[in-house]
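A short write-up of the structure that comes next.
A note on names: the letters A, B, ... follow the listed sequences, proteins ahead of strands, and every chain is numbered from 1.
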Protein chains: 2
Amino acid sequence: MSGRRWTSRDVAALAGVSVATVSYVMNGRMSDRIPAATREKVLSAARQLDYSPNRSAQSLRRQKTEQICLVVDSIGVPTVDQLARDLYAKAEKVGYGLITMVAGSAERAAKTAALLHQRVADAAVIAPATVPRFREETLVELARGGLPMVAMSNTVRPIGFDVVRAPERDACVDAMSHLLASGRSRVAFLGHHEEVTDAEARAGSERLGAYTAALDQHGVAVDDELIVDGADDRVAGYQAVARLLQRPDRPDAIFAASGRSAISAIWAVRDAGLTVPDDVAVVGCGNLPEAEITSPTLSTVGPPTTEDFTDVAELLFQRVLADERPPEREITNPWVFVPRGSA
Amino acid sequence: MSGRRWTSRDVAALAGVSVATVSYVMNGRMSDRIPAATREKVLSAARQLDYSPNRSAQSLRRQKTEQICLVVDSIGVPTVDQLARDLYAKAEKVGYGLITMVAGSAERAAKTAALLHQRVADAAVIAPATVPRFREETLVELARGGLPMVAMSNTVRPIGFDVVRAPERDACVDAMSHLLASGRSRVAFLGHHEEVTDAEARAGSERLGAYTAALDQHGVAVDDELIVDGADDRVAGYQAVARLLQRPDRPDAIFAASGRSAISAIWAVRDAGLTVPDDVAVVGCGNLPEAEITSPTLSTVGPPTTEDFTDVAELLFQRVLADERPPEREITNPWVFVPRGSA
DNA sequence: CTGTTAGCGCTTTCAA
DNA sequence: TTGAAAGCGCTAACAG
């Protein structure tokens, strides 16, 4: 009753039936054709041996793993957690598991792609901000190999997979216009590390793009000193803003590329003896539930209500469970500027 | 070049070698015995077909999945995120993947155990607060079935698996004593939902136990009205504290069973027009990095420095990679009361 | 109703 | 240096 794992053959022997029968009853197939007595014998033998069918063998035979894979950029991003929860809920409903892989760099993305290619899961969703880690060709190849996939991105083209978009840009411009129209002239940008640090990422950043575009539109010059990183992390965000506020020409507003760092910005502003929004206005991205409990409440760019990704889960599982490959779909979720107390 | 997936047989055919040779070169075995020319032929054929070996087949044949499983109670707990990061880092180093399963209820724990039993992963770590979801027997059985496992719990006995403990109780009592000794008399307990709601969980809660014990020790009566839930979630925590503060006999201190909810408590206290710690002291659990950037900084019960679980990862992989099963080990990480600004 | 059997795709002796 | 062949544990078509 220990050590080696029992197989269906062992159960069959103990129950005095064939392995086929064991398989049938373990899977509840032919349930009307197998007499209760046989069923019981098998079940009791299985119980006795503490048997359960080997997943790898099942997957090999059935040609599916019944796992879906969520590919993320990093661990601990609230938006992605919500995505994970929504995927998890849907997956569980249809008997699938969820596995998460972290693709925080091009190398890791390549590894992730290789794993996906090996069919470690039956389908994948690539979380927002993670898509750029992959070469477009890699994604296309994966899809062509028959992997149901949905990518959350505003730029990638849907070639064999679905794409979910969030038109951030206009909403960000709205927020910036609001800031500038209400008299702010030194608006800082608090971005993700790569977003402000890496030339390519910088060029591709919608949020940063919106920031500079809005500045231009309002005729205010971009001051590179006001573009800093720290959006990835609450502590980093705090420190970045604290540093900014020590400057003699401190900003009078902060446009943060994440919700978490915007909240850190509020802390930092207050610790500097200043007030939000009078001395420094703050706007975040993402519309976390948490935005409603800060003081002042956090003005945010994001989905109009709290984040919800059940549509993504729906899209993916339609693909997974479909008999034949559906056409590529593209859905666009709304993003807006939600003014609250902080700006 | 699309549709069906190519197998080693296809590659072998295209390269004009046998499947054995394909396997050899794909795995880099016999690398000195296979002539470069053959190797090249195989590699080029593989590239041409975009071939990569099927994971399920490999797992079946090799009798291992090279995945480890992290079992958690819910998604989005900072402590668990750190655990995931540390496990992930170690796993990646030795070529393993990480999959996460959510076992937030007894039913889900049972499902999780079943999956583990099916060998969907080669090993598992059960995150703090998740262990009570399982019947002890289930854990023991899993271990007996040969699954390397480490459970993070203060109560479970290490029978076939390792256990990592965090002696929360004394540290919590210290924090409570600090509160009471400094003149607080109405200390509220902000616990996790089940911890205060479910009789059994309530009885098993170390934090709640320490809370009442400390109260007793100091001769102050337990007021059930001051024991509320809300620790699971930032918003819930805020609301719970807001409600508490509206009472005519409002608390003068809050002992929160999580770090996140303690921070929400700070927001709530301030929104009620009160100050921390003068009007209301706040203590949290867990020692998040974030505790240093709030204002006032958050006094916390937890590990003396920021959380780190590389030892857990180490323990697990020793077991995974060991030739024979090591004896059960038990490690105890320190917990202390870290007074900062909020209490 | 149940058993026999042929694989799923891969690895790994053993032989050549 | 490479190939043939025997499975890993399971499922499902087909027989009986």
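- For A/S8, taking side-chain heavy atoms from C-beta onward, the closest of the listed nucleotides D/dC10, C/dT4, D/dC8 is D/dC10.
- Comment: A/E194 engages A/R133 in a salt bridge, judged by a side-chain N to carboxylate O separation of less than 4.0 angstrom.
- Residue A/V22 is classed as having no contact, given no heavy-atom separation below 4.0 Å to the nucleic acid.
- The side chain of B/I34 approaches D/dT2 more closely than any other nucleotide in the set C/dT11, D/dT2, D/dG9.
- Taking only side-chain atoms of A/N54, from C-beta outward, the nucleotide of C/dG9, D/dC10, C/dC14 with the closest atom is D/dC10.
- OP1 or OP2 of D/dT2 has not a single side-chain nitrogen or oxygen of B/S18 nearer than 4.0 Å.
- At C/dC10, none of the side-chain N or O atoms of B/Y24 fall inside 4.0 Å of OP1 or OP2 (strictly under the cut-off).
- For the helix from C/dC1-D/dG16 to C/dA16-D/dT1, the axis fitted to the five pairs at one end and the axis fitted to the five pairs at the other end meet at an angle of 40° (nearest 10 degrees).
- Of all nucleotides listed (C/dT2, D/dT1, D/dC10), D/dC10 comes nearest to the side chain of A/P53.
- When the side-chain nitrogen and oxygen atoms of A/Q58 are compared with OP1 and OP2 of D/dG9, none of them lie within a distance under 4.0 Å.
- Closest contact between the side chain of B/Q63 and the listed nucleotides C/dG9, D/dG9, C/dT11 involves D/dG9.
- Among the nucleotides D/dC8, C/dG3, D/dC10, the one closest to any side-chain atom of A/V17 is C/dG3.
- Nearer to the 5' terminus of DNA chain D, by closest-nucleotide assignment, is the contact made by B/A20 (compared with the other of B/A20 and B/R62).
- The structure places CZ of A/R55 at 7.5 Å from OG1 of A/T65, a figure rounded to the nearest 0.5 Å.
- For A/V19, the side-chain atoms get nearest to D/dT11 when compared with the rest of D/dG9, D/dT2, D/dT11.
- Contact annotation: A/S56 does not reach the phosphate of D/dC8 (side-chain N/O to OP1 or OP2, under 4.0 Å).
- Checking A/G16 against A/A57, the closest nucleotide of DNA chain C that is more toward the 5' end is the one next to A/G16.
- Residue B/S23 places at least one side-chain N or O closer than 4.0 Å to OP1 or OP2 of C/dT11.
- Atom CG of residue A/L321 and atom CG of residue A/D122 lie 10.0 Å apart, to the nearest 0.5 angstrom.
- If you check every strand for non-hydrogen atoms under 4.0 Å, A/S59 touches nothing.
- Phosphate contact (OP1/OP2 of D/dT11, side-chain N/O of A/N27, threshold under 4.0 Å): present.
- Dashed line: the shortest gap from a side-chain N or O of B/R55 to OP1 or OP2 of C/dC10 is not under 4.0 Å.
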